[in-house]
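Residue numbers count from 1 along this sequence. Please read these numbers as outputs of a predicted model, since none were measured by experiment.
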Amino acid sequence: MTVKTLQILATSDIHGYIMPTTFRNDHHEALGLAKLATIIEKKRLEMPTLLIDNGDFIQGSPMTFYHQKFQAQELNPLIQVANELQYDAMVFGNHEFNYGQQTLQSVISQSNFPWLGANIVTEDGKPFTKPYIIKEIEDVRLAILGVTTHFVEKWEEPLHIQGLHFEDAFSSASYWAKWIRANEQIDVLILCYHGGFERNLETGELLEAEDGENQGYRMCAEIEEVDIIISGHQHREISTKINGKSIVQPGSKGTCIAMIELEVVMDEQHTIQSIAHTPVLIYSSENTIPQKSVCQIISPTFEKTEAWLDETIGVIEGDLQIENPFLARIQEHPYIEFINRIQMAKSGASISCTALFHDERGGLKQAVTMRDIVTNYIYANTLKVLRLTGQDILQALEQSASYFTVEGGQLKVAEAFLHPKAQPYNYDMWEGIEYSFDISKPIGERVTKLLYNGKVINKDEEFNVVMSSYRATGAGNFDFLRTRPVVKEIQMDMTELIADYILKHPCIQATCNQNWQVQF
């Protein structure tokens with residue numbers, strides 16, 4: 001008998017973070033694909049290796065925004081990095097479609113590796129790209145099957161996915177896993193799923209609505225043909241085994257890389273007798289040195305991005321900086337009012353809602369730069385104006401009020417908005433109306449005041465409400481918004497709208513009318 005070892009290395013949710021920085025300052029941090037590249041290089045010296053990315057690779061950082069805005073006709077530097085690292089395959093994440101199909105097709109054509117999307121089909125039912133590939137290493141045949149959360153159709157701008165259909169991820173993964181086992185002579189089946197887990201991996205307890213966004217637990221439990229599941233989307237750090245399957249999820253922004261080591265026992269005829277697999281996460285650190293070749297590829301775009309981010313475009317009179325994000329969600333902050341007023345000014349709507357996207361200090365300094373804007377408004381949202389009834393507004397407010405709970409006499413964030421993934425971006429704050437929450441009341445009965453122009457809102461009355469394209473799809477448990485009439489769409493990225501507004505009003509007055517309050 002002989003024993004051979006090989007490994008699968010997997011990244012996910014890189015979101016365009018190559019260099020070790022969040023772009024908020026000049027501090028180098030323990031993140032970024034350049035540092036992971038050093039780990040990859042070292043691990044490849046130890047044993048034969050497969051390298052896979054599990055999606056959300058090309059969008060999400062200020063650098064990806066800069067490239068798309070100013071040098072979209074040039075070669076994509078992220079794909080140049082991926083080619084340098086010799087990825088074996090990539091899977092589509094939901095954010096791969098944010099820049100539209102022209103950009104995506106260009107990315108695919110530049111890639112020296114296949115993009116996998118078993119559940120993405122064209123109008124005639126044909127696969128958009130390859131569903132899977134077969135790789136043979138050390139006489140071991142491995143199938144790599146890729147699927148993407150089908151909620152892309154709910155979230156993405158219709159024009160960006162025109163002509164594509166996203167089949168149910170579980171059903172597609174189950175079908176193809178059975179097909180591969182029946183038709184390919186394989187030893188190991190790797191399911192790369194850009195999606196996460198709807199249940200607690202230890203107890204099976206349901207963690208979120210079983211609406212299909214995340215189906216990883218069901219895949220673990222019901223798709224027997226799969227040996228290894230590489231997951232993502234939720235930005236969690238997971239390394240475990242369930243039902244004999246190795247399960248990994250390597251966080252986001254390149255903070256760590258997943259490794260599944262395979263130990264293969266063969267007899268004298270090279271017939272495989274057994275295969276054992278062990279999952280681990282390998283973390284980058286502040287001391288990890290970014291790989292030189294990756295830095296050389298990315299530096300021209302990175303340096304241009306850095307210079308662009310520090311250009312001053314306006315000044316603030318007053319204070320638009322956020323020191324305490326939680327406090328800004330229970331007591332209106334001038335920054336939130338500022339964003340809502342930009343949305344109202346750009347759209348002509350009389351009512352607006354927006355969210356604070358992260359739980360870090362932020363807001364705008366007195367001398368506003370592009371860095372301030374891009375690092376605060378971190379998503380590639382456009383705006384939509386929906387025609388909503390008073391009842392719709394009430395329902396949306398009640399959903400936002402469920403963000404809070406009261407424990408031990410203190411106001412806290414509800415567990416559902418913290419696990420399995422933090423969702424600060426799914427709590428909206430409104431302008432153009434007056435409202436109050438009483439968190440001591442049951443969920444669904446927390447809106448205690450709702451006025452428009454000083455009068456109680458009639459539930460049948462209709463209003464034009466502007467919001468992000470993300471929220472207008474119904475994402476974040478606002479499903480009812482998806483079917484409401486669209487009055488207007490503004491096809492310009494919100495960061496560009498903010499910058500444009502400041503350029504036209506170079507001296508901004510910080511105001512706050514305290515039109516809402518949260519009590520408990």
Could you give the distance from [atom1] ([X]) to [atom2] ([Y]), rounded to the nearest 0.5 Å?
X      : Y      : atom1 : atom2 : answer
Ser402 : Ile443 : OG    : CD1   : 5.5 Å
Leu159 : Gln102 : CG    : CD    : 10.5 Å
Met494 : Leu383 : CE    : CG    : 5.0 Å
Ile8   : Ile230 : CD1   : CD1   : 6.0 Å

Pair Ile228-Val188, side chain to side chain contact (heavy atoms under 4.5 Å, CB included): steps then yes or no: CA-CA 8 Å; Ile228 295 165; Val188 178; 4.0 Å; yes
Evaluation steps, side chain to side chain contact (heavy atoms under 4.5 Å, CB included), between Arg471 and Asn381: CA-CA 9 Å; Arg471 182 68 73 235; Asn381 291 333; over 6 Å; no
Can any side-chain N or O of [X] pair as donor or acceptor with the backbone N or O of [Y] at less than 3.5 Å?
X      : Y      : answer
Ser231 : Val248 : yes
Thr149 : Glu213 : yes
Glu96  : Gly93  : yes
Arg181 : Glu225 : yes
His235 : Ser252 : no
Thr483 : Phe480 : yes
Arg199 : Gly204 : yes
Thr288 : Lys35  : no
Gln59  : His95  : no
Asn54  : Ser12  : no

Flag yes if more than 12 heavy atoms outside [X] fall under 6.0 Å of its [atom1] atom; otherwise flag no.
X      : atom1 : value
Glu286 : CD    : no
Lys130 : NZ    : no
Ile134 : CD1   : yes
Gln105 : CD    : yes
Lys178 : NZ    : yes
Lys292 : NZ    : no

Flag the pair [X] and [Y] as a salt bridge only when some basic side-chain nitrogen lies within less than 4.0 angstrom of an acidic carboxylate oxygen.
X      : Y      : value
Glu306 : Arg371 : yes
Glu46  : Lys43  : yes
Glu136 : Arg141 : yes

Within the 6.0 Å centroid threshold, strictly below: Phe357 and Tyr377: yes
Ring centres under 6.0 angstrom apart (Phe417, Tyr403): yes
Gln7/Thr49 under side chain to side chain donor-acceptor pair (under 3.5 Å): CA gap, chis, key distance, verdict: CA-CA 5 Å; Gln7 64 188 347; Thr49 303; 2.8 Å; yes
Lys NZ or Arg CZ of Lys69 over Tyr66 ring: under 6.0 Å, within 45°: no
Phe170 six-ring centre to Arg218 NZ/CZ under 6.0 Å and within 45° of normal: yes
So, [X] versus [Y]: side-chain donor-acceptor pair below 3.5 Å or not?
X      : Y      : answer
Asp124 : Thr122 : yes
Glu84  : Ser293 : yes
Glu263 : Thr5   : no
His150 : Glu167 : no
Asn98  : Glu157 : no
His277 : Ser246 : yes
Asp13  : His233 : no

CA sep, side-chain torsions, deciding dist, call: Asp53, Thr11, side chain to side chain donor-acceptor pair (under 3.5 Å): CA-CA 5 Å; Asp53 184 81; Thr11 55; 2.6 Å; yes
Test side chain to side chain contact (heavy atoms under 4.5 Å, CB included) applied to Glu198 and Leu207, step by step: CA-CA 6 Å; Glu198 71 280 26; Leu207 297 177; over 6 Å; no
Side chain to side chain contact (heavy atoms under 4.5 Å, CB included) evaluation trace for Leu85 with Leu33: CA-CA 10 Å; Leu85 295 181; Leu33 187 57; 3.9 Å; yes
Step-by-step side chain to side chain donor-acceptor pair (under 3.5 Å) determination, Gln110 to Ser106: CA-CA 6 Å; Gln110 293 173 42; Ser106 176; 2.8 Å; yes
Ring geometry between Phe166 and Phe97 (parallel below 30°, tilted from 30 to 60°, perpendicular above 60°): perpendicular
Tyr132 and Trp176 aromatic ring geometry - parallel, tilted or perpendicular at 30°/60° bounds: tilted
Do [X] and [Y] come within less than 4.5 Å of each other through their side chains, counting heavy atoms only?
X      : Y      : answer
Met1   : Met266 : no
Arg44  : Leu51  : yes
Leu386 : Met467 : yes
Met19  : Cys295 : yes
Pro325 : His358 : no
Asp56  : Asn94  : yes
Leu78  : Ile18  : yes
Phe65  : Thr305 : no

Working for side chain to side chain donor-acceptor pair (under 3.5 Å), residues Ser174 and Glu222: CA-CA 8 Å; Ser174 180; Glu222 299 182 27; over 6 Å; no
Of Ser171, Pro127, Pro131, Ser172, the residue whose pairing with Asn119 passes side chain to side chain contact (heavy atoms under 4.5 Å, CB included): Ser172
Worked verdict on Asp227 versus Lys245 for salt bridge (Lys or Arg N to Asp or Glu O under 4.0 Å): CA-CA 5 Å; Asp227 300 299; Lys245 298 175 175 64; over 6 Å; no
Closest heavy-atom pair and its distance - Gly16, Met63: O-CE, 3.6 Å
